[in-house]
Every structure is written in C-alpha cells, then in structure tokens.
Amino acid sequence: MKAMDIRRTIPADLDVLLDVWLRSVRATHTFVSEADIQSMLPQVRDYLASGGSEIWVACDDTGVVMGFMGMSGGKIESLFLAPEFHGRGVGRRLVRHAQVLHGELTVDVNEQNTAARRFYEACGFVVEGRSEVDEQGRPYPLLHMRQAPPNKPLQQTGPA
C-alpha cells in the first residue's frame, strides 16, 4: 500500500464518510435488513456530524478517503472501510493509531459479522462478553471484546 494519512474528520467529510459507511455495511453486514440500514442512516449521519466522537479518517496519498474510525476514550465505536480497501492494512493501521492514543482498547462487534470478529482477534482482541441485542435493541447480538496494550498479556474470559 502507498502512503496513508490518518487525520481528524472535518465537516466536509460528512457525505463521503456516510457513503463509506453505507457501502461497507452493505458489503459486510449481510445479516442486516435493508429496512434496518435505511433506519440507521439518519442516526449515522447525526453521529458523524455531531463531532461528539473522536473520528479519525484514513486517506491515501492522493487524499481519497479509505475509511474511518470513531472513538470514545479507549472504545472503538465504529470502524468502517470502503469495500475497495478491505484487506489492505487500513483497518490495522487505524487500530494501531487508536492504541497509540488510548492504550487498552475495547470494541463491540456484531456476532454475525465473522470477518470483523476474525479481524479484531488478529489484532489481539479477545471476547469478554456478549449481549443478545445491539444498542438500539435490534436482534443483532454483540460480542464485547478487549485488547491489551503492547507487552501486557491478556487472558480470555469469555466464550471463544
């Protein structure tokens, strides 16, 4: 991969980030109905526009947005990549960026999104718990995962 820049989001990013989210969800969250995706769009737009979260944007050397990550302290609230950038190291770079900033990290992953679970496990996360529904009460179970800072061993406490 060519050079990559990770920067804070700016207001002009909103439409591009929303497009990245939508294309990423459609490519990776096949278990989510189109009706639920459409109902989430206004919430995601508000989340991206609010500036309340610490949102980091990964861009290639020409400025093309490859993906983004939203943080709340040491919790990864969101990590979405444009489908054409999947498997190219962008997600790992964003996770490393978060770890440098916050040390120990946590993330909630949809249980049905096995590729995301494998990604986070490859980044050193382990499952610590499970919820039957997502934050909005929809029937999408969540796995609660944790990653220790470098050189700090972490023992798995949840189901494998």
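Predicted, not measured: the structure shown is a model, and the values here were computed from it.
- No side-chain heavy atom of R117 sits under 4.5 Å from any side-chain heavy atom of E111.
- Of the residues T106, V107, V126, the one that meets the side-chain contact (heavy atoms from CB on, under 4.5 Å) test with M145 is V107.
- Counting heavy atoms from C-beta on, the side chains of S24 and L22 never come closer than 4.5 Å.
- The existence of a salt bridge linking E128 and R130 is excluded, since no basic side-chain nitrogen approaches an acidic carboxylate oxygen closer than 4.0 Å.
- Rounding to the nearest 0.5 Å places CD1 of I10 at 12.5 Å from CD1 of I55.
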Worksheet entry | Test log, rule side-chain contact (heavy atoms from CB on, under 4.5 Å), inputs R138 and S33 | CA-CA 11 Å; R138 290 185 285 256; S33 71; over 6 Å; no

Item to complete: Could you go through the side-chain contact (heavy atoms from CB on, under 4.5 Å) check for M66 and E84 one step at a time?
Response: CA-CA 8 Å; M66 298 184 287; E84 61 270 24; over 6 Å; no

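- Judged by a 6.0 Å distance limit and a 45° cone about the ring axis, R7 is not positioned over the six-membered ring of W56.
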Considering only distance and modelled atom types, tabulate donor-acceptor pairs under 3.5 Å from the side chains of residues 68-81, sequence neighbours left out.
{"residue": "K75", "atom": "NZ", "partner": "D108", "partner atom": "OD2", "Å": "2.9"}
{"residue": "S78", "atom": "OG", "partner": "Y47", "partner atom": "OH", "Å": "2.9"}
{"residue": "S78", "atom": "OG", "partner": "G70", "partner atom": "N", "Å": "3.1"}

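- Distance alone, capped at 3.5 Å, places no donor-acceptor pair between the D13 side chain and the L17 backbone.
- Taking every heavy atom of both residues into account, Q147 and E104 meet most closely at O-CG, 2.9 Å.
- Of the possible donor and acceptor atoms, one in the side chain of D60 sits under 3.5 Å from a partner among the backbone N and O of G63.
- Using a 4.0 Å cut-off between charged side-chain N and carboxylate O, D15 and R45 make a salt bridge.
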Worksheet entry | From CA spacing to verdict: side-chain contact (heavy atoms from CB on, under 4.5 Å), H29, N110 | CA-CA 9 Å; H29 291 61; N110 290 108; 3.5 Å; yes

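- Taking 4.5 Å as the limit, every side-chain heavy atom of V100 sits out of range of all side-chain heavy atoms of R96.
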Worksheet item: Stepwise, does the side-chain contact (heavy atoms from CB on, under 4.5 Å) test hold for E54 with T9?
Response: CA-CA 8 Å; E54 178 185 338; T9 188; over 6 Å; no

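- Taking hydrophobic clusters as Ile, Leu, Val, Met, Phe, Trp and Tyr residues chained together by side-chain heavy-atom distances below 4.5 Å, F31 shares a cluster with M40.
- Hydrophobic clustering (side-chain heavy atoms under 4.5 Å, transitive across Ile, Leu, Val, Met, Phe, Trp, Tyr) keeps V44 apart from L142.
- At least one donor-acceptor pair closer than 3.5 Å links the side chain of D134 to the backbone N or O of Q136.
- Here the closest non-hydrogen pair linking G89 and M4 is O-CE, 4.4 Å.
- The closest side-chain donor-acceptor pair between D36 and Y140 falls under 3.5 angstrom.
- Minimum heavy-atom separation, V90 to A58: CG1-CB, 3.7 Å.
- Here the shortest heavy-atom pairing between A49 and L14 reads N-CD1, 3.9 Å.
- Shown here for V65 and C59, the closest heavy-atom pair between the two residues is CG2-SG, 4.1 Å.
- Closest of all the heavy-atom pairs between V133 and P139 is CG1-CA, 4.4 Å.
- W21 places a side-chain heavy atom less than 4.5 Å from the side chain of I37.
- Using modelled atom types, no side-chain atom of D46 and backbone atom of Q43 make a donor-acceptor pair closer than 3.5 Å.
- You'll find the side chain of R26 reaches within 4.5 Å of the side chain of E34, heavy atoms only.
- Contact of the L41 side chain with the L18 side chain is registered, since non-hydrogen atoms from C-beta on lie closer than 4.5 Å.
- Residues satisfying the ring-ring contact (aromatic ring centres under 6.0 Å, His included) test with H86, not counting sequence neighbours, are none.
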